[in-house]
Enquirer: 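Quick one: the structure is below, questions incoming.
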Amino acid sequence: MLTADGVSKTYGDRLALEATSIEIFEKEFVSIVGPSGCGKSTLLMMMAGLLPPSSGQITLGGQAVTKPPMGLAVVFQDYSRSLFPWLTVQRNLAMAAAAYKLSKAEVRERVDNALVAVGLPDTHNLYPYQMSGGMQQRVAIARALIVQPQVMLMDEPFAAVDAQTRADLEDLVLRVRDEYKVTVGFVTHDIDEAVYLGDRVVVLAANPGRIIADLAVDLPRPRDQVQTKLEPEFARLRSEVFQLVMRPKAAKEAASTH
Ligand code: ADP
Ligand code: MG
């Protein structure tokens with residue numbers, strides 16, 4: 001569905017991401033994890049059509065991506081800068097539908113549904129400053145849902161909220177993904193979060209940014225914050241990803257001796 005084929009990115013003379021290929025299949029949830037500065041955001045922004053690659057090509061459903069495509073929504077980390085502070089929730093959400101030529105009634109219905117999906121019904125008339133960080137990030141997710149995206153790309157969306165809110169939002173994303181049948185690319189530096197959410201975990205290393213592993217997550221769904229994390233498979237994957245992220249060299253040597 002969404003593919004990067006040999007995409008690289010150079011900033012000035014610095015190679016941020018070397019030629020990288022990745023495919024996200026329809027309805028799949030792919031976690032992309034790696035240390036700070038390894039090129040996660042760069043990869044995601046290129047896949048979203050927001051940043052041109054230095055080489056290679058991005059395609060969505062077989063079509064080349066050169067600008068943000070219809071049917072693709074992005075959720076960023078910094079909720080405080082991703083909503084318009086001077087607009088109500090209703091208007092922030094309605095704005096996302098502007099390019100989609102919907103009737104007023106359709107927009108209203110989508111706004112209502114998206115707010116219910118993120119657990120914030122009846123917040124239409126609030127302004128962002130009247131909401132907690134977790135609530136604002138829910139609104140940002142609701143805004144992504146307005147376009148009924150086929151693909152949702154998320155860049156460390158929960159890095160700035162407290163641990164309980166984060167767990168709630170993780171489960172919210174899993175629910176919303178089922179309800180809207182959306183394909184998800186989810187960038188995080190949090191190893192547990194990557195394993196907990198994903199069908200696959202793609203691990204990046206830095207200097208230069210590159211993919212060093214692509215692991216299937218064989219854990220039952222629905223996931224559960226307590227039960228899933230007690231599974232031996234969770235512990236095994238978590239430690240494998242941890243080794244790859246924290247000690248990529250040692251992990252590679254261990255793998256090559258098997
Ligand atoms: P991550 O999201 O994994 O932390 P980024 O994709 O943000 O990594 O950055 C990858 C590398 O590219 C880092 O070394 C970063 O400093 C550099 N970089 C990112 N954006 C720019 C930019 N606009 N100009 C120059 N260097 C950048
Ligand atoms: Mg980043």
Side-chain angles (χ1 to χ4, degrees), residues 2-24 29-58 60 65-68 72-83 133-134 136-137 140-141 143-144 151-163 165-166 169-170 173 184-198 200-215 238 240-249 251-252:
L2 181 60
T3 59
D5 188 9
V7 294
S8 70
K9 186 68 191 180
T10 310
Y11 295 110
D13 57 5
R14 188 188 156 79
L15 180 62
L17 191 72
E18 72 177 21
T20 296
S21 298
I22 177 175
E23 179 160 14
I24 302 182
F29 195 121
V30 175
S31 300
I32 299 169
V33 69
S36 179
C38 70
K40 301 182 296 297
S41 296
T42 297
L43 178 60
L44 205 79
M45 292 310 109
M46 290 194 294
M47 293 181 93
L50 290 165
L51 182 71
S54 304
S55 72
Q57 182 170 257
I58 308 289
L60 174 62
V65 170
T66 51
K67 59 180 173 55
L72 186 146
V74 185
V75 177
F76 299 95
Q77 171 179 345
D78 192 353
Y79 53 79
S80 67
R81 287 193 298 178
S82 65
L83 301 173
Q136 290 181 48
Q137 197 55 297
I141 294 167
R143 191 180 53 184
V151 183
M152 193 155 69
L153 297 178
M154 310 182 84
D155 190 1
E156 307 211 28
F158 311 143
V161 299
D162 65 76
T165 304
R166 183 173 193 140
L169 289 173
E170 288 168 359
V173 164
V184 184
F186 189 101
V187 160
T188 179
H189 64 257
D190 186 301
I191 292 161
D192 287 40
E193 181 169 82
V195 174
Y196 178 69
L197 293 174
R200 255 163 71 207
V201 178
V202 172
V203 185
L204 270 67
N207 303 313
R210 64 200 186 279
I211 293 177
I212 56 167
D214 186 341
L215 309 168
R238 177 185 186 285
E240 186 173 355
V241 176
F242 186 88
Q243 299 259 6
L244 286 161
V245 171
M246 304 305 283
R247 307 179 199 124
K249 260 204 170 134
K252 199 174 161 203

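Each ligand, and each atom within it, is numbered from 1 in the order the structure gives.
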Enquirer: Output the distance between atom CG (L51) and atom NZ (K9), rounded to the nearest 0.5 Å.
Expert: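 L51 CG to K9 NZ: 4.0 Å, rounded to 0.5 Å.
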Enquirer: Go through the steps for V74 and D155 under the test side chain to side chain contact (heavy atoms under 4.5 Å, CB included), then give the verdict.
Expert: CA-CA 8 Å; V74 185; D155 190 1; 5.7 Å; no
Enquirer: When rounded to the nearest 0.5 angstrom, what is the spacing between CG in L50 and CZ in F76?
Expert: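 It is 5.5 Å, given to the nearest 0.5 Å.
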Enquirer: So if I only count non-hydrogen atoms and take anything under 4.0 Å from ligand 1, which residues does that give, chain by chain?
Expert: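 Within 4.0 Å of ligand 1, the protein residues are Y11, R14, A16, P35, S36, G37, C38, G39, K40, S41, T42.
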Enquirer: Taking atom types as modelled, find out whether S8 and S54 have a side-chain donor-acceptor pair closer than 3.5 angstrom.
Expert: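 Looking only at side-chain atoms, S54 and S8 do not form any donor-acceptor pair under 3.5 Å.
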Enquirer: Taking NZ, NE, NH1 and NH2 as the nitrogens, is one of them in R238 or D192 under 4.0 Å from a carboxylate oxygen of the other?
Expert: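 So R238 pairs with D192 through a salt bridge.
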Enquirer: Between atom CG of L15 and atom CG of D13, what is the distance when rounded to the nearest 0.5 Å?
Expert: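 Reported to 0.5 Å precision, the distance equals 10.0 Å.
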Enquirer: As an exercise, state the distance from OG of S31 to CG of L197, rounded to the nearest 0.5 Å.
Expert: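 Nearest 0.5 Å value for the OG-CG distance: 5.5 Å.
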Enquirer: I'd like to verify the contacts: list protein N, O or S atoms under a distance of 2.8 Å from the Mg ion (ligand 2).
Expert: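 Near the Mg ion (ligand 2), below 2.8 Å, one finds S41 OG.
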Enquirer: If you round to the nearest 0.5 Å, how far is CD of Q57 from OG1 of T3?
Expert: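 Reported to 0.5 Å precision, the distance equals 7.5 Å.
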Enquirer: Once rounded to the nearest 0.5 Å, what's the spacing between atom CD1 of I32 and atom NE2 of H189?
Expert: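 NE2 of H189 is found 15.0 Å from CD1 of I32.
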